[in-house]
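Data block below; observations after.
Read the numbers this way: they start at 1 and go in the same order the structure lists the ligands and their atoms. Heavy atoms only: backbone and side chains are in, while hydrogens, waters and symmetry mates are out.
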Amino acid sequence: MNYFGLIRGAAMTGVAVAALTAGAAQAQTVMRINVSMPQDGHHGIAIDTFAEQVESLTDGRYQIETFYAGSLGAERESIEGVQLGTLELTFTSTGPVPNFVPELSILDIPFLFRDYEHARGVLDSEIGDELLGRFEAHGIKGLAWADNGFRHMTNDIRPIASPSDLDGLKMRTMESPVHIAAYREFGILPTPMAFPEVFAALQQGVVDGQENPLSVIESNNFDEVQQYLSMTGHVFSPCVFLMNLDMWNQLSEEDQGHFVTAAQAGAEANRARVDADEETAIESMRADGMEIIEDVDRDIFIEALAAVNAQFEEQFGAEEVAAIRDWQP
Ligand code: EAX
């Protein structure tokens with residue numbers, strides 16, 4: 001079979017194996033990874049770094065093709081693709097993950113994490129390793145946790161400083177049952193929707209608002225279609241590198257180590273970009289005319305969730321929740 005035949009076959013099976021034209025008969029395997037965010041952002045830098053690292057650590061035996069802005073599908077479809085093996089890898093927020101690994105919804109509990117140090121510390125600890133391992137029973141290998149970021153609310157109706165301001169607001173949410181239950185408790189009318197549809201839904205007024213980390217709000221120009229941003233920080237949203245489990249099992253042990261190292265390097269670059277965005281995004285969006293409400297009383301938001309929090313403790317186990325909530329560096 002010639003090179004093009006191999007590539008065409010690869011498009012069907014998902015993995016391209018092409019003989020390198022230069023040099024001896026060393027095979028090269030091409031894999032794809034995608035994100036729903038633009039290349040210039042905290043997801044883009046994660047997969048760009050991962051791709052560079054895989055190629056360099058495996059001396060070019062593995063080549064990673066990168067796709068951005070949902071061009072290969074939204075996050076839920078991408079995880080499904082990785083599970084089925086029609087896509088080799090994806091980097092995704094955990095928003096749609098509960099559809100595949102329901103118990104990972106524990107990470108979606110509002111106000112579970114105090115700050116970035118806490119969230120990253122837990123994800124990089126044994127607790128995080130154990131949770132990452134939960135993907136395997138579902139045909140998926142979790143390579144490394146990373147950050148999407150602390151989520152804040154935007155809307156186009158009124159400034160939000162306390163839960164009573166949220167009453168009756170129609171807000172796009174991720175497809176996470178925990179988020180949906182909690183946001184209802186705030187009085188929000190949750191409208192779950194895949195991310196690639198969100199900008200148009202905000203622009204056309206299909207929903208009044210949405211919630212996302214600063215890195216997402218800014219890199220997707222939501223400030224163009226949303227007047228108010230409230231610094232609620234109500235949920236920490238992780239990201240994760242995922243790979244099809246069969247393809248992972250086909251890697252040599254040494255290459256498995258390289259893929260994990262590369263994903264960890266991607267996570268490091270991602271977190272550095274999140275830190276940089278956190279420094280600059282507020283001022284830059286304010287300069288563009290967005291009204292930023294920084295004075296948010298989080299305690300009132302936390303109190304509003306008392307009943308639903310009790311429900312989450314029952315669902316996930318009070319000890320499990322406490323182990324994350326009370327984690328100390
Ligand atoms: O992955 O769906 C969401 O709101 C996510 O935070 C976003 O797509 C980043």
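Listed by chain and number, the residues in a side-chain hydrogen bond (donor to acceptor under 3.5 Å, both in side chains) with Q39 are D48, Y68 (sequence neighbours excluded). Every residue meeting the ring-ring contact (aromatic ring centres under 6.0 Å, His included) condition with H179, not counting sequence neighbours, appears here in chain and number order: Y183.
Protein residues lining ligand 1, listed by chain and number: S36, M37, H43, E75, S93, N148, R151, R172, M174, F195, N212 [non-hydrogen atoms, distance under 4.0 Å].
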### Task
Go through E130 and R134 one step at a time and tell me if the salt bridge (Lys or Arg N to Asp or Glu O under 4.0 Å) criterion holds.
CA-CA 7 Å; E130 197 271 320; R134 302 278 182 102; 2.8 Å; yes
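Each of F91, Y62, F241 was compared with F50 under the ring pair (Phe, Tyr, Trp, His ring centres under 6.0 Å) criterion, and only F241 meets it.
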Which pairs would a plain distance check flag for residues 304-322, meaning a side-chain donor or acceptor within less than 3.5 Å of a matching protein atom at least two apart in sequence or in another chain?
none

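A donor-acceptor pair is defined here as one N or O able to donate and one able to accept, closer than 3.5 Å; such a pair exists between the side chain of R325 and the backbone of F111.
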